[in-house]
2 protein chains.
Amino acid sequence: MKDPSNPVCRTISTLLSRIGDKWTVLVVQTLGDGSRRFNELRREIPSVSQRMLTLTLRNLERDGLVSRTVTPSIPPRVDYELTALGKSLQKPICGLATWATENVEAIHQAQARFDAAADEAVAA
Amino acid sequence: MKDPSNPVCRTISTLLSRIGDKWTVLVVQTLGDGSRRFNELRREIPSVSQRMLTLTLRNLERDGLVSRTVTPSIPPRVDYELTALGKSLQKPICGLATWATENVEAIHQAQARFDAAADEAVAA
DNA sequence: CTGTATCCCTATAGATACTG
DNA sequence: CAGTATCTATAGGGATACAG
């Protein structure tokens, strides 16, 4: 893991870029407790646009993390669900979530200190 | 964790955006086994530009994950090192890294299948 | 050695309108 | 209902030049 140009580090970096985008984690978390239809997801993630939800779901489907099931009725019905692979991702994400919740306060304080110090430097 | 608009989910999402950027994880991993000077980091992460390394380190410093120690000699010397907070992030990142290495093959196969299916659809 | 400053290009994401 | 298409705004990031 010492050489950042090695495949392992690249893999991690690529993965983090994917799930680190603005919507992927929210969608995965939402699908965590069961399958959802397209507009159900929209309602549960109010801030996501139709376009971004579509793109996010397509990427997740392409990566094999989410399955897409079309029921050709009228009106059409599409259900999204985590695959086994997608579910297996929940555990490591949860680890990160735990770290985040435990340390968010420390990070905010560090940011406040840093910004205060920067302001002071400007004033001087 | 059900409501994606709740603070916890936002926190995770924000955190992932931060460490999910192009360089942060590489820098954190590189600093994982000890402090480095600016140009040492550049050499160990050949693909990073001076600008992006500076920005990445500033953000990490601001978040309290990395400490910056200036030695006012000639030439100047600046050492970067993980703080306790930064080190504590290594464990959850490692969990994700493990998942990534274990499943990278499955993801690639899923992508190949998806792309093949898409091509087929175009051909038809 | 360790950065800043500037220019510029591209990728990402939001808004809106339209379609099967 | 579940998308696609298009336009636009912004942010990320590379290259280069310069500075303490």
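Chain A is the first sequence line, chain B the second, and so forth, proteins listed ahead of strands; every chain is numbered from 1.
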Find the distance [X]:[atom1] to [N]:[atom2] and express it as a whole number of Å.
X: B:I45; N: D:dG14; atom1: CD1; atom2: P; result: 12 Å
X: A:M52; N: D:dA9; atom1: CE; atom2: P; result: 18 Å
X: B:N59; N: D:dG13; atom1: CG; atom2: C1'; result: 13 Å
X: A:L41; N: D:dC1; atom1: CG; atom2: P; result: 13 Å
X: A:E40; N: D:dC1; atom1: CD; atom2: P; result: 10 Å

Residues which pass side chain to side chain donor-acceptor pair (under 3.5 Å) with [X], listed by chain and number, not counting sequence neighbours:
X: A:S49; answer: none
X: B:R62; answer: A:D115
X: B:Q50; answer: none

Hey, are the side chains of A:L26 and A:E44 touching, using non-hydrogen atoms and a 4.5 Å cut-off?
no

Partners of [X] by side-chain contact (heavy atoms from CB on, under 4.5 Å), sequence neighbours excluded?
X: B:K87; answer: B:L82, B:Q90
X: B:R68; answer: B:R58, B:E61, B:V70, B:V78, B:Y80
X: B:T83; answer: B:S67, B:L85
X: A:V104; answer: A:H108, B:T11

Under the salt bridge (charged side-chain N to carboxylate O under 4.0 Å, His left out) definition, can you give me all pairs with a residue in residues 100-112 of chain A, not counting sequence neighbours?
none

Sequence neighbours left out, what pairs pass salt bridge (charged side-chain N to carboxylate O under 4.0 Å, His left out) with at least one residue falling in residues 70-83 of chain A?
A:R77-A:D79

Show the distances under 3.5 angstrom between N or O atoms of the protein and N or O atoms of nucleotides 3-7 of chain D.
| unit_1 | atom_1 | unit_2 | atom_2 | d |
| --- | --- | --- | --- | --- |
| D:dG3 | OP1 | A:R58 | NH2 | 3.4 |
| D:dG3 | OP1 | A:R68 | NE | 3.4 |
| D:dG3 | OP1 | A:R68 | NH2 | 2.4 |
| D:dG3 | OP2 | A:Y80 | OH | 2.5 |
| D:dG3 | N7 | A:Q50 | OE1 | 3.2 |
| D:dG3 | N7 | A:Q50 | NE2 | 2.3 |
| D:dG3 | O6 | A:Q50 | OE1 | 3.1 |

Axis-to-axis angle for the helix from C:dC1-D:dG20 to C:dG20-D:dC1, ends of five pairs each, to 10°, equals 50°

Give a yes or no answer on whether the side chain of A:D63 reaches the backbone of A:L65 with a donor-acceptor pair at less than 3.5 Å.
no

Mapping A:P76 and A:V48 onto DNA chain C by nearest heavy atom, which one lands closer to the 5' end?
A:V48

DNA chain C: 5'-most and 3'-most nucleotides touching chain A, 4.0 angstrom heavy-atom criterion
C:dA13 to C:dG20

OP1, OP2 of D:dG14 versus side-chain N and O of B:S49: anything below 4.0 Å?
yes

